[in-house]
Amino acid sequence: MLALFDLDNTMIDRRGGLEDWARGFVRSRRLPGGAESVIYERLRERAYPADFVHLREALGLSDDPGDLWREYVDGIARSVRSFPGAREGLEALRGAGWTLGIATNGAEDIQRAKLAATGLVSFFDGIAVSEEIGARKPAYEHFEAAAMLCGVRLAAGGWMVGDGPETDIEGGHTAGLRTAWVANGRTWSDGPREPDLVVQGVAEAIEMMQAAVS
């Protein structure tokens with residue numbers, strides 16, 4: 001059975017990692033009050049090298065934007081943590097013979113750095129990062145590429161687990177997958193497609209997925 005997982009705020013706490021990094025960056029540069037919120041708002045949804053061209057100007061920095069991006073990649077990799085139970089859940093799925101993949105939007109270097117730093121990379125048969133494969137969720141092509149990288153056919157079905165109503169739940173459904181929405185304290189209300197499972201965290205999603213196919 002195939003299970004694809006979103007990365008940010010599904011497998012790892014990107015939100016908390018970004019807050020920690022922004023706090024440390026502002027402190028190390030002795031930036032004025034309000035700089036932390038400027039950084040967080042710019043990078044809250046996703047971060048790419050071009051964002052640091054904007055932040056360099058907004059914060060009055062003299063650093064090369066490329067250097068700032070590399071500092072961010074290294075810092076975020078040190079700051080992010082996987083959610084409780086994620087590692088144990090992946091171990092259980094592997095032990096039960098599941099095929100596991102990552103299906104994530106984002107820049108190649110930062111997404112792979114986070115996976116490596118959290119020690120999760122070895123659990124996955126395939127990793128699909130939108131910048132690498134040239135297709136972003138919710139596009140069908142993203143899920144098709146993710147399945148192919150895992151060595152299986154998307155038509156065989158499986159699960160998509162993620163926190164994005166459109167990118168993960170609508171996209172996963174369109175790709176023919178069952179879906180588990182990671183709520184992170186939210187209430188499902190206005191998503192385009194009802195998920196098969198609504199869970200508070202990835203560990204609960206894994207437990208319920210196993211129960212659903214047993």
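Quick note: residue numbers are just sequence positions, from 1.
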Atom [atom1] of residue position [X] - does it have more than 12 heavy atoms of other residues, nucleotides or ligands inside 6.0 Å?
| X | atom1 | value |
| --- | --- | --- |
| R186 | CZ | yes |
| R15 | CZ | no |
| E166 | CD | no |

For [X] and [Y], which heavy atoms make the closest approach, and how far apart are they?
| X | Y | value |
| --- | --- | --- |
| T174 | Y140 | O-CD1, 4.0 Å |
| D8 | D6 | O-OD2, 3.0 Å |
| S82 | A86 | CB-CB, 4.4 Å |
| L90 | I206 | N-CD1, 3.9 Å |
| R44 | R14 | O-NH1, 2.7 Å |
| A205 | V199 | CB-CG2, 3.7 Å |

Is there a continuous path of hydrophobic side-chain contacts, each under 4.5 Å between heavy atoms, that joins [X] to [Y]?
| X | Y | value |
| --- | --- | --- |
| V26 | L43 | yes |
| V129 | V161 | yes |
| M148 | F5 | no |
| I127 | M160 | no |
| L4 | V121 | no |

Evaluation steps, side-chain contact (heavy atoms from CB on, under 4.5 Å), between L93 and F123:
CA-CA 9 Å; L93 289 178; F123 289 106; over 6 Å; no
Sidechain N-carboxylate O distance under 4.0 Å for [X], [Y]:
| X | Y | answer |
| --- | --- | --- |
| R94 | E91 | no |
| D109 | R70 | no |
| R78 | D20 | no |
| R56 | D63 | no |

Return the [atom1] to [atom2] distance between [X] and [Y], rounded to the nearest 0.5 Å.
| X | Y | atom1 | atom2 | value |
| --- | --- | --- | --- | --- |
| E141 | S130 | CD | OG | 13.0 Å |
| T118 | F83 | OG1 | CZ | 11.5 Å |
| L197 | R178 | CG | CZ | 7.0 Å |
| E36 | E19 | CD | CD | 8.0 Å |

Main-chain N/O of [Y] paired to [X] side chain as donor or acceptor, under 3.5 Å:
| X | Y | answer |
| --- | --- | --- |
| K137 | A103 | yes |
| T10 | L7 | no |
| D196 | T179 | yes |
| D125 | L100 | yes |
| E108 | E131 | no |
| Q111 | N105 | yes |
| Q200 | V182 | no |

Classify the angle between the aromatic ring planes of W69 and F52 as parallel (below 30°), tilted (30 to 60°) or perpendicular (above 60°).
perpendicular
Steps toward side-chain contact (heavy atoms from CB on, under 4.5 Å) verdict (V38, L55):
CA-CA 8 Å; V38 170; L55 286 173; 4.1 Å; yes
side-chain hydrogen bond (donor to acceptor under 3.5 Å, both in side chains), that's the test. Do W98 and Q210 meet it? Break it down for me.
CA-CA 10 Å; W98 286 59; Q210 288 181 294; over 6 Å; no
Show your reasoning for whether side-chain contact (heavy atoms from CB on, under 4.5 Å) applies to Y72 and I39.
CA-CA 11 Å; Y72 169 78; I39 294 170; over 6 Å; no
Are M11 and I102 packed together at the side-chain level, in the sense that at least one heavy-atom pair is separated by less than 4.5 angstrom?
yes
Heavy-atom side-chain proximity of C150 to F124 below 4.5 angstrom:
no
Given the rule in the side-chain contact (heavy atoms from CB on, under 4.5 Å) test, do D168 and D163 qualify, once you have shown the distances and angles that lead to the verdict?
CA-CA 7 Å; D168 300 317; D163 69 310; 3.8 Å; yes
